[in-house]
J.: 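First the structure, then my questions, so here it is.
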Amino acid sequence: DKGNHRHFMQKEIYEQPEVLSHTLGAFVDMTTGRTRIPGGQTLDFSSVRRIALSACGTGYYAALVGRYYFERYARIPCDLDVASEFRYRESPLGDVDLALFVSQSGETADTLASLRYAKGEGLRIASVVNVQESTIARESDVVLPTLAGPEIGVASTKAFTCQLISLAALAIHAGVARGVISPERELELTRSLAEVPRLANEALALEDTVEALSREMATKRHALFLGRGFSFPLAMEGALKLKEISYIHAEGYAAGELKHGPIALIDDTMPVVVIAPHDRSFEKTMSNMQEVAARGGRIILFTDAKGAASAGSDMASTVILPDMPEILTPIVYAIPLQMLAYHTAVQMGTDVDQPRNLAKSVTVE
Ligand code: F6R
């Protein structure tokens, strides 16, 4: 049932404040502000030397944010692969003690095969999964549930942001276990996470602004998405969302890679989506953005008030999100990117919930 929404995708985008709050509640005791492993399971990070993360598609981009979280907040080095590479690469696992998989369906063939490979190598297996009765959940030592509820739209939306909030809480939990996050800092970070539902609602309120932008996007054949640091995985996720439902060719790049190739594509017709909250990467991203502006690129900037004030006037459009702590930006900035893809696809008249050639659950290699 789509309720009063036109598509399941739109309905699922709007469910995010609620399902993010449910998911957070599994990982954080909201009365004490302390993180925990859901369902009374144990996952001791104090002796984990290295984590191998693996997933496909949107789950892979969530895992990429996860890597940034684990490295920043828990100081645990991470390896990351798309599952179809991990399983065949036969990488020496060295000091990896934990394999962490991310999957909405819990049935993705390559992710499952990677899990079995890691298990065969004697690793401890944890999985962030949305479908609790799935094969991946069953075969994992520790199940880290996202409580996004059933996701019907083929393009993942609410499952992605729920994966991010789970990984954020998990990284904090790991940081505490390793003594790199103090109990006070833990409370501060979980208080920040508790702001996500409110901030997600504020992001949803940008729908009309984003819809207006989608009119120009729908006239394009190509688009570039740029971001740095926490926003780099989002650039790739934003591009994936746009291409899979609107069929516009879109590429996500680390902003610093621009001059190593993709800048050749910039002319005065090329839309360039720049994701740049005013964080530690902001100034660097701005200089990349100026390189785009100098070549006439049509910049759509997603930033906050501080970012907008110091970004100059090179943009075709600017979307202003609320201020928020750095740990939250991937979760909240995902929402306008989902809406941009959604409204562009609606303008173009594609089948938003069932895009051509795609299946919700990829159970063949
Ligand atoms: C993109 C999308 C896919 C899935 C991928 C993995 O919107 O939905 O890229 O993320 O097929 O699926 P799961 O997470 O079920 O393993």
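As the structure is a prediction and not an experimental result, all values here were calculated from the model. Remember, it's 1-based here, ligands and their atoms both numbered in the order they're listed.
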J.: Quick one: do the Ser214 and His343 side chains pair a donor with an acceptor below 3.5 Å?
T.: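 No, no side-chain donor-acceptor pair sits under 3.5 Å.
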
J.: Taking the six-membered ring of Tyr247, is NZ or CZ of Arg356 closer than 6.0 Å to its centre and within 45° of its axis?
T.: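 Cation-pi check for Arg356 and Tyr247: passes.
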
J.: Counting non-hydrogen protein atoms only, what is the nearest one to atom 16 (O) of ligand 1? Give residue, atom name and distance.
T.: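 Of every protein heavy atom, Thr108 OG1, 2.4 Å lies nearest to atom 16 (O) of ligand 1.
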
J.: Tell me the protein heavy atom at minimum distance from atom 11 (O) of ligand 1, and give that distance in Å.
T.: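 Scanning the protein heavy atoms, the shortest distance from atom 11 (O) of ligand 1 goes to Val362 CG2, 4.1 Å.
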
J.: Sort and list the pairs that fulfil side-chain hydrogen bond (donor to acceptor under 3.5 Å, both in side chains) and have at least one residue in residues 317-327, not counting sequence neighbours.
T.: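 Applying side-chain hydrogen bond (donor to acceptor under 3.5 Å, both in side chains) to every pair that reaches into residues 317-327, excluding sequence neighbours, yields Arg72-Glu326, Arg280-Glu326.
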
J.: I'd like to know whether ligand 1 has Val154 as a neighbour, heavy-atom separation below 4.0 Å.
T.: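 Judged by the 4.0 Å heavy-atom criterion, Val154 does count as contacting ligand 1.
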
J.: Is any side-chain N of the basic residue among Lys11 and Glu15 closer than 4.0 Å to the acidic one's carboxylate O?
T.: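 Salt bridge flag = yes for Glu15 with Lys11.
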
J.: Taking both backbone and side-chain atoms of Glu244, is any N or O found less than 3.5 Å from an N or O belonging to ligand 1?
T.: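 There is such a contact, yes.
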
J.: Of the choices Ser127, Ala159, Ser105, which has the non-hydrogen atom that lies closest to atom 15 (O) of ligand 1?
T.: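 The nearest heavy atom belongs to Ser105.
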
J.: Taking only heavy atoms of Ala155, which atoms of ligand 1 are found under 4.0 Å from at least one of them?
T.: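 Listed by number with element, the hits are 7 (O).
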
J.: Return the residue, atom name and 0.1 Å-rounded distance of the protein heavy atom closest to atom 6 (C) of ligand 1.
T.: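 Its nearest protein heavy-atom neighbour is Cys56 O, 3.3 Å.
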
J.: List every atom of ligand 1 that sits less than 4.0 Å from any heavy atom of Gly59, numbering the atoms from 1 in the order shown and giving each element.
T.: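 Per the distance check, 10 (O).
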
J.: Between Lys360 and ligand 1, which part of the residue brings a heavy atom under 4.0 Å of the ligand: side chain, backbone, both or neither?
T.: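 Lys360 to ligand 1: no contact under 4.0 Å from either part.
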
J.: Any idea which atoms of ligand 1 are less than 4.0 Å away from a heavy-atom of Lys241?
T.: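 Every atom of ligand 1 under 4.0 Å from some heavy atom of Lys241: 1 (C), 7 (O).
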
J.: Could you check whether Glu12 and Gln338, counting side-chain N and O atoms only, form a donor-acceptor pair closer than 3.5 Å?
T.: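 The criterion, which ignores hydrogens and geometry beyond distance, is not satisfied for Glu12 and Gln338.
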
J.: Could you check whether Thr146 and Asn130, counting side-chain N and O atoms only, form a donor-acceptor pair closer than 3.5 Å?
T.: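 Side chains of Asn130 and Thr146: pair found under 3.5 Å.
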
J.: Does Ser156, backbone or side chain, put an N or O under 3.5 Å from an N or O of ligand 1?
T.: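 Such a contact does occur with ligand 1.
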
J.: Would Ser361 count as a contact residue for ligand 1, given that I'm defining contact as a non-hydrogen atom of the residue lying under 4.0 Å from a ligand atom?
T.: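 No.
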
J.: Look at Asp110 together with Arg87 and state whether they make a salt bridge at an N to O cut-off of under 4.0 Å.
T.: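 Yes, charged N to carboxylate O under 4.0 Å.
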
J.: Would you check, one step at a time, whether the test salt bridge (charged side-chain N to carboxylate O under 4.0 Å, His left out) holds for Glu195 with Arg191?
T.: CA-CA 7 Å; Glu195 294 293 305; Arg191 262 199 299 272; over 6 Å; no

J.: In terms of residue, atom name and distance, what is the protein heavy atom nearest to atom 14 (O) of ligand 1?
T.: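 Of the protein heavy atoms, Gln104 N, 2.7 Å lies nearest.
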
J.: Which option, Ile136, Thr363, Thr58, owns the non-hydrogen atom nearest atom 4 (C) of ligand 1?
T.: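 When every heavy atom of Ile136, Thr363, Thr58 is considered, Thr58 comes closest to atom 4 (C) of ligand 1.
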
J.: Would you mind listing the cluster partners of Val154? Hydrophobic ones only (ILVMFWY), side-chain contacts under 4.5 Å, chaining allowed.
T.: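 Direct or chained contacts put Val154 with Leu358.
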
